[in-house]
Amino acid sequence: MSEPEPVSLDLHVRGIGESPTLAINQRCAELQRKGVRVHRLGLGQSPFPVPSLVVEALRTNAHRKEYLPVRGLPELREAVAEFHRRTDRLDLPAQGVLVGPGSKELMFLLQVCFYGEIVVPTPCWVSYVPQARILGREVRRLPTSFEDGWKVTPQGLDRTLSAEHDPSRPRLLVLNYPANPHGGTYSPAELEDIARVARKYSLLLLSDEIYGQLHYAGNHVSVGRFYPEGTILSSGLSKWCGAGGWRLGTFAFPPRLGWLLDAMAAVASETYTAVSTPIQYAAVTAFRGGAELERYLCHARRILRALGDRCAETLLRAGIRLHRAEGAFYLFPDLGPLAQRLAARGIRTSDVLCERLLDEVGVAVLPGSAFERRADELTLRLAFVDFDGARALAASETTPLDQPLPDSFLEQLCAGPLEACRRLADWAAG
Ligand code: GLU
């Protein structure tokens, strides 16, 4: 669109572009269509296939055509509640579950319904802040630091919240871990400290734990354990079940927040009606879990951990600073230590950094600015997902889970991200 924006375009959406995660993916696809070799580390999409028993459940239910209740298929809401009991040891009632077309849409609905300030630690996933902006909501960014592992500290949170002239005003804190964009996570003790501050200010806490099942050690702990009364727990099929394009997300509310669930369900009923019926039936199988799914997850975690580590080592050797991922499939390198050298090449912002990387070495990543970091901070997000997850899973299955993957595994099966990191490192150091 190059036409000037008409005056009738709402102020809140003026100048808004498509979300960076989707835009970079589109751009890569266009470059590849033109025959350009691109390393696609932009969009954070699971490399692994949807587990076959979940695909089979979808096939079996493809004929279903009736509308489902706006809050979701009752068996699915029950399966999600049971999933949180099993994996998070949280006793959330099935009536507290809301199923939506992706947790992204549920977050948007939450922002539609919640009246108050939204507090977002940064770096954060690309869409929390634009959603608030679309709705004209107030956002307070809470910048975290490399030194703190990009994590919220209870002191930092308390300081931010107490600075408000009316510390008791309604506020929504968004927490996300294992984190997009850096793969870090919180220990139970850290979560307990954050929960204490949340309780002190009666915060509403949206805990985006969509990567919880991709905690590499399988030890994900929900903050809901420490702040059950104020936590909405967000999950979905996109990451651990490899089904981003299926668009199914879930929110689980404690009974005290039923008023918010009711309001969101009412808005949902006036907008998308309900999530696709066959997808909901298939999701029952996914959330119920079982030995086959557990094995799939164990292999996925082992591959991601090994690959994330190897990518990190390559970047660290080039003088880039970063924290190793503990879950999910992201790294958030900071090229700050190379700032002088980069400035001499005309690179002073993360946007220019990523443009040049794509142009000069064909590596597509997203700039730190898209994750609400200052434009002149030389950070970027790299999603190490550009490999054939089905092949990698099949190969991993030939090595017992209590053993490490063979030395040649990554070079043979995850060559894309390794090559991209080598190119990035050589280019940055050059
Ligand atoms: N969560 C993924 C990412 O950060 C992609 C999905 C999205 O942004 O909608 O890349």
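Read the numbers this way: they start at 1 and go in the same order the structure lists the ligands and their atoms.
Between W240 and F83, the angle of the ring planes stays under 30°, which puts this pair in the parallel group of the 30/60° scheme.
Contacts of R381 with ligand 1, taken as heavy-atom pairs under 4.0 Å, involve the side chain alone. Only side-chain heavy atoms of Y330 come within less than 4.0 Å of ligand 1; its backbone N, CA, C and O stay farther off.
Contact annotation: the side chain of M264 approaches that of F251 to within less than 4.5 Å [non-hydrogen atoms, C-beta and beyond].
Near K239, the atoms of ligand 1 lying under 4.0 angstrom from a non-hydrogen atom of the residue are 1 (N), 2 (C), 5 (C). Atom numbering of ligand 1 starts at 1 in the shown order; those under 4.0 Å from a heavy atom of N180 are 1 (N), 3 (C), 4 (O). Taking a cut-off of under 4.0 Å to the non-hydrogen atoms of T21, the atoms of ligand 1 that pass are 3 (C), 4 (O), 7 (C), 8 (O), 10 (O).
Atom CD of Q45 has 12 or fewer heavy atoms from other residues, nucleotides or ligands within 6.0 Å.
Side-chain contact check for R71 and Q95: no donor-acceptor pair (N or O, by modelled atom type) lies under 3.5 Å. Counting only N and O atoms by type, the side chains of E209 and H220 include a donor and acceptor under 3.5 Å apart. D351 and S369 form a side-chain donor-acceptor contact under 3.5 Å, judged by distance and modelled atom types alone.
Not close to ligand 1: Q45, with no non-hydrogen atom less than 4.0 angstrom away.
Nearest protein heavy-atom neighbour of atom 5 (C) of ligand 1: L43 CD1, 3.5 Å.
Relative to the six-membered ring of Y216, R302 misses at least one condition, a distance below 6.0 Å or an angle of at most 45° to the axis.
When only interatomic distances are considered, the shortest N/O to N/O separation between G44 and ligand 1 falls below 3.5 Å. Among the atoms of K104, some N or O lies under 3.5 angstrom from an N or O of ligand 1.
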